[in-house]
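Here the structure is laid out as structure tokens; the discussion comes afterwards.
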Amino acid sequence: MTHQASPINFHRMSEFITKLKRTHHLNQLTRADAGKKVVLMGWVDTRRDHGGLIFVDLRDREGITQIVFNPQVDAKTHELGGELRTEYCLAIRGEVRPRPDGMANPKLKTGEIEVLVEEFQILNRSKTPPFVLEDEIDVNEETRLKYRYLDLRRGSLKRNIILRSRVSQIVRAYLVDHGFLEIETPFLTKSTPEGARDYLVPSRIHHGHFYALPQSPQLFKQLLMVAGFERYFQIVRCFRDEDLRADRQPEFTQIDIEVSFLSRDDFLDIMEGLIAEVWKKMLDIDISLPIPRLSYDECMERYGLDAPDTRFALELKTVTPIFQNSGFKVFGEIARSGGSIKALVVKGKSDFSRSEIDDLTKFAGIYGAKGLAYIKILENEWQSPIAKFLSDDEKQQLQKTLGFKAGDIVFFGAGTTKIVNDSLGNLREHIGRKLKLCDPKKYNFVWVVDFPLFDWDEEEKRPVAVHHPFTSPKWDELSLLESEPLKCHANAYDLVLNGNEIGGGSLRIHDAGIQQKVFDLLKISKEEAQVKFGFLLEALQYGAPPHGGIAFGLDRLIMLLTGCDNIRDVIAFPKTQKATDPMTEAPSTVDPKQLLELGISVTKK
RNA sequence: GGGGGCGUAGUUCAGCUGGUUAGAACGCCUGCCUGUCACGCAGGAGGUCGCGAGUUCGAAUCUCGUCGCUCCCGCCA
């Protein structure tokens with residue numbers, strides 16, 4: 001496997017390194033540097049050994065520069081250069097010179113020049129990497145993660161990580177400039193009910209007691225407002241022990257923000273300014289402000305989802321009333337029993353084939369839809385498995401409400417409002433992708449506002465907080481808390497980009513009485529509230545200011561900025577879908593001594 | 001918890017209606033090569049077909065189980 005190699009002379013190396021200081025990164029040298037003596041350090045990206053001449057692409061964080069070993073410059077150096085292999089780590093000293101006529105490489109930033117090696121030192125040899133370190137090479141995820149430090153040498157991943165660093169700096173600069181203080185909050189904290197499963201950390205000092213890693217610094221940032229810091233932010237790791245997805249990791253990063261004394265709109269203005277700043281500086285794209293605001297109710301009506309892709313129309317329309325007295329049994333019964341019937345008109349697609357429609361039906365089925373009725377509107381007839389059940393009046397009303405034309409196809413979702421919105425809303429985006437209706441260069445931001453405060457949990461027979469239990473009801477709906485809490489809206493908002501939720505937040509309850517009332521409605525007993533959130537209820541009684549905030553998902557933001565469709569590609573050391581790390585082999589068993597100290601015994605599954 | 005896809009050389013894959021010695025490309029090794037940048041030419045090494053059972057005269061190929069990677073639903077804001 002490994003070829004014969006002379007040993008590295010460490011004595012000579014230390015001499016070489018102390019004598020030499022790197023003069024340039026590998027993206028820097030141009031024609032203007034011709035004639036300069038330079039010292040470069042980096043890794044062998046590729047080598048092209050011609051026997052006589054050896055070309056090596058030397059790579060560092062910033063770029064690639066071609067270096068040349070020529071026997072006429074130094075026979076010994078050239079001979080030793082023959083030993084070089086991919087990923088060897090090198091220091092070289094040499095002279096910059098323009099490449100011969102016609103030999104420039106326009107693909108390289110430094111393609112006009114090359115460096116003639118006069119002297120070099122192998123700083124470290126490398127085993128042959130388990131995969132070729134080029135962007136285009138597909139490699140199994142497990143192998144990539146096991147050798148993450150090699151995968152990170154590849155251009156695309158490296159660029160993402162560098163871009164991520166820049167975004168963090170832009171965010172910091174903007175927020176500090178707007179009077180925000182960066183304040184850290186604890187990672188070893190208290191488990192809270194509601195929300196996601198916690199990652200727990202056992203206490204050695206208190207056997208049987210556990211810290212929880214924060215799902216977000218929610219309560220601490222509110223307490224910072226009570227403390228009077230007025231404007232807080234933190235780029236902070238959050239932990240949720242739930243199943244993973246392409247855009248979800250068990251530990252992820254939020255840009256966490258909280259402010260006091262600001263109206264919702266004044267706050268959102270500052271926040272969209274932040275996003276606009278990031279888009280301007282990273283992509284040189286001007287987002288037109290203000291970002292449009294869409295109420296949750298209207299959003300669900302038109303798009304079926306709370307994070308709509310507004311780059312294309314193709315909106316849903318409710319047609320439930322048309323079927324109130326329908327003889328068409330399926331639709332009629334759903335309409336009369338409080339369900340929903342919604343339609344999706346796809347223009348000019350009456351030529352969808354049977355198998356395409358089958359696929360769409362299957363797709364809708366993922367979200368619980370029992371079927372997917374459709375009507376193909378042809379010149380002279382409606383081609384449809386359900387048309388024969390519809391009365392002339394119903395047909396006329398459909399035509400009037402939906403405004404379809406010959407050549408269109410109409411899909412119907414019927415069932416509970418939740419399933420109809422979910423299946424038809426996702427179908428809308430599926431068809432949008434299928435028909436390429438969304439422009440990948442377009443960035444359509446929208447604030448979805450006025451979420452419901454509560455959702456009904458059928459299993460537990462109680463309301464649950466849609467956002468979290470500290471979200472303030474709309475001020476003008478406070479009375480609804482008493483009468484019809486499920487109809488109460490929240491002072492909550494999400495920022496949505498092209499169908500992705502990139503941030504969400506709310507104004508908070510700053511009154512202990514209202515907070516207690518909400519706990520009551522959530523069926524969190526006084527005792528439980530006292531045990532879990534006593535410190536918050538207490539704090540709210542010491543002149544807590546009106547406050548609110550937001551958290552942006554930094555990982556998702558970077559995904560959208562880089563066009564990545566997987567969160568692992570924007571995190572330096574991510575986990576597999578089973579939440580393991582093939583490199584460190586975490587999670588792992590631990591020494592029994594550690595368990596003993598913690599007072600923990602492990603049971604078999 | 002449920003559904004789909006994948007697992008064969010270092011890597012990416014082909015082979016899968018069961019049947020000689022399991023192939024290709026890239027990578028790797030050796031030799032030649034003074035203008036390459038996907039260098040070229042010649043030669044070579046490299047395989048527990050994820051693992052375990054079963055069916056069979058015979059299994060990479062069929063069946064069952066199991067493990068791993070991945071996408072989705074549930075879960076998660």
Side-chain angles (χ1 to χ4, degrees), chain A residues 1-4 45-58 64-73 78 82 85-87 99-108 110-111 114 127-134 136-147 150 194-198 215-216 218 238-250 252 254 306-307 362-363 365-369 419 422-423 426 430 448 451 455 459 464-468 471 492-496 500-506 550-553 556 565-566 568 575-578 580 582:
Chain A
M1 265 312 216
T2 31
H3 57 283
Q4 287 299 315
D45 197 61
T46 54
R47 85 196 149 97
R48 295 173 291 281
D49 185 345
H50 287 224
L53 280 179
I54 303 169
F55 298 97
V56 167
D57 287 343
L58 198 64
I64 284 179
T65 298
Q66 173 167 286
I67 60 177
V68 188
F69 296 80
N70 187 329
Q72 285 163 4
V73 173
H78 173 263
R85 292 295 181 273
T86 310
E87 299 309 318
R99 295 197 188 185
D101 281 348
M103 293 300 146
N105 182 351
K107 288 184 203 156
L108 281 186
T110 57
E114 62 195 6
K127 288 165 70 174
T128 301
F131 51 91
V132 182
L133 303 187
E134 287 168 18
E136 301 73 28
I137 307 289
D138 271 343
V139 186
N140 177 281
E141 197 69 32
E142 200 182 1
T143 312
R144 290 180 60 191
L145 289 176
K146 185 169 174 195
Y147 298 96
L150 296 180
E194 311 280 301
R197 214 173 279 122
D198 288 318
Q215 297 176 24
S216 81
Q218 182 58 38
C238 302
F239 306 85
R240 291 179 190 159
D241 187 2
E242 296 293 346
D243 288 344
L244 285 72
R245 285 284 193 288
D247 61 351
R248 259 163 42 190
Q249 284 271 310
F252 60 98
Q254 285 190 344
D306 61 6
K362 216 168 146 192
F363 181 86
I366 295 173
Y367 302 93
I419 287 179
D422 208 20
S423 56
N426 281 107
H430 183 69
V448 178
F451 278 71
D455 200 6
E459 258 175 49
V464 288
V466 166
H467 188 56
H468 55 54
T471 302
Y493 32 79
D494 278 359
L495 183 58
V496 173
N500 302 279
E501 183 208 319
I502 59 174
S506 62
I550 197 167
F552 294 100
R556 272 187 213 177
D565 53 13
N566 198 293
R568 288 186 300 273
K575 302 218 168 14
T576 68
Q577 200 180 35
K578 288 260 170 69
T580 65

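Both backbone and side-chain heavy atoms feed into the values below; hydrogens, waters and symmetry mates do not. Proteins come first, then strands; the chains are lettered A, B, ... in the order of their sequence lines, and each starts at number 1.
- Here A/Glu141 lies in heavy-atom contact (under 4.0 Å) with sugar-phosphate atoms only.
- Atom-to-atom, CD1 of A/Ile67 to P of B/rG35 comes out at 19 Å; the value is rounded to the nearest Å.
- A distance of about 11 Å separates the C1' atoms of B/rG3 and B/rG74, rounded to the whole Å.
- Contact annotation for A/Asp49: base contact, defined as any heavy-atom pair under 4.0 Å involving a base atom.
- Looking at the side chain of A/Glu114, the nearest of the listed nucleotides B/rU70, B/rG35, B/rA38 is B/rG35.
- Contact of A/Arg99 with B/rU36 (side chain to base): a donor-acceptor pair of N or O atoms is detected under 3.5 Å.
- Along RNA chain B, the nucleotide nearest A/Ala104 and the nucleotide nearest A/Ile137 are compared for position; the residue whose nucleotide lies closer to the 5' end is A/Ile137.
- A heavy-atom distance below 4.5 Å is not found between the side chains of A/Glu142 and A/Thr576.
- In this structure, A/Thr46 does not reach the B/rU36 phosphate: none of its side-chain N or O atoms is under 4.0 Å from OP1 or OP2.
- Partner assigned to B/rC64 is B/rG52, using Watson-Crick or G-U wobble distances below 3.5 angstrom.
- Summarising the geometry, the separation between CD on A/Glu134 and P on B/rC28 is reported as 10 Å, rounded to the nearest angstrom.
- If you find the closest nucleotide of RNA chain B to A/Arg48 and to A/Asn566, the one lying nearer the 5' end belongs to A/Arg48.
- Taking atom CG of A/Asp57 as the reference point, atom P of B/rC39 lies 8 Å away to the nearest angstrom.
- Here B/rU34 is the nucleotide among B/rU34, B/rU70, B/rG10 with the atom lying nearest to any side-chain atom of A/Pro71.
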| request: Apply side chain to side chain contact (heavy atoms under 4.5 Å, CB included) to A/Arg99 and A/Gln66, showing your working. | output: CA-CA 10 Å; A/Arg99 295 197 188 185; A/Gln66 173 167 286; 3.3 Å; yes
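- Using a 4.0 Å heavy-atom criterion, one finds that A/Arg47 contacts the sugar-phosphate atoms exclusively.
- Side-chain contact check for A/Asp198 versus A/Gln215: some heavy-atom pair is nearer than 4.5 Å.
- Of the charged side-chain nitrogens involved, none lies within less than 4.0 Å of a carboxylate oxygen, so that A/Arg248 and A/Asp243 do not count as a salt-bridged pair.
- The residue A/Asn140 sits close only to the backbone: its heavy atoms come under 4.0 Å of sugar-phosphate atoms, none of a base.
- Closest to the A/Thr128 side chain, of the nucleotides B/rG27, B/rC69, B/rC37, is B/rG27.
- Counting non-hydrogen atoms under 4.0 angstrom, A/Thr86 reaches the backbone sugars and phosphates but no base.
- Residue-to-nucleotide contacts include no donor-acceptor pair under 3.5 Å from the side chain of A/Glu142 to the base of B/rU70.
- Taking side-chain N and O atoms only, A/Lys146 has no distance below 4.0 Å to OP1 or OP2 of B/rC69.
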| task | Determine, for nucleotides 72-77 of chain B in 5'-to-3' order, which nucleotides have protein heavy atoms under 4.0 Å from the base (write B), from only the sugar-phosphate (write S), or from neither (write -). | result | SBBBBB
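- Whole-Å rounding puts the A/Ile64 CD1 to B/rA38 P distance at 11 Å.
- Using a 4.0 Å heavy-atom criterion, one finds that A/Pro100 contacts the bases of the nucleic acid, with or without backbone contacts as well.
- Between the P atoms of B/rU70 and B/rC32, the separation comes to 45 Å (whole Å).
- Atom-to-atom, OH of A/Tyr147 to P of B/rG10 comes out at 11 Å; the value is rounded to the nearest Å.
- No engagement by A/Thr65 is indicated, since no non-hydrogen atom pair under 4.0 Å with the nucleic acid exists.
- Each of B/rG35, B/rC37, B/rC69 was ranked by its minimum atom distance to the side chain of A/His50; first place goes to B/rG35.
- With C1' as the reference atom, B/rU34 and B/rC26 are 27 Å apart, rounded to whole Å.
- In this structure, A/Phe55 atom CZ and B/rG40 atom C1' are separated by 13 Å, rounded to whole Å.
- Between A/Lys578 atom NZ and B/rC69 atom C1' the separation is 8 Å, expressed in whole Å.
- Using cut-offs of 30° and 60° on the angle between ring planes, the pair A/Phe363 and A/His430 is parallel.
- Taking the side chain of A/Thr576 as heavy atoms from C-beta on, and the options B/rA38, B/rU34, B/rU70, the nearest nucleotide is B/rU70.
- At least one side-chain heavy atom of A/Phe451 sits less than 4.5 Å from a side-chain heavy atom of A/Asp494.
- Here A/Phe131 does not lie in a stacked arrangement on the base of B/rU11, lacking the combination of planes under 30° and ring centres under 5.5 Å apart.
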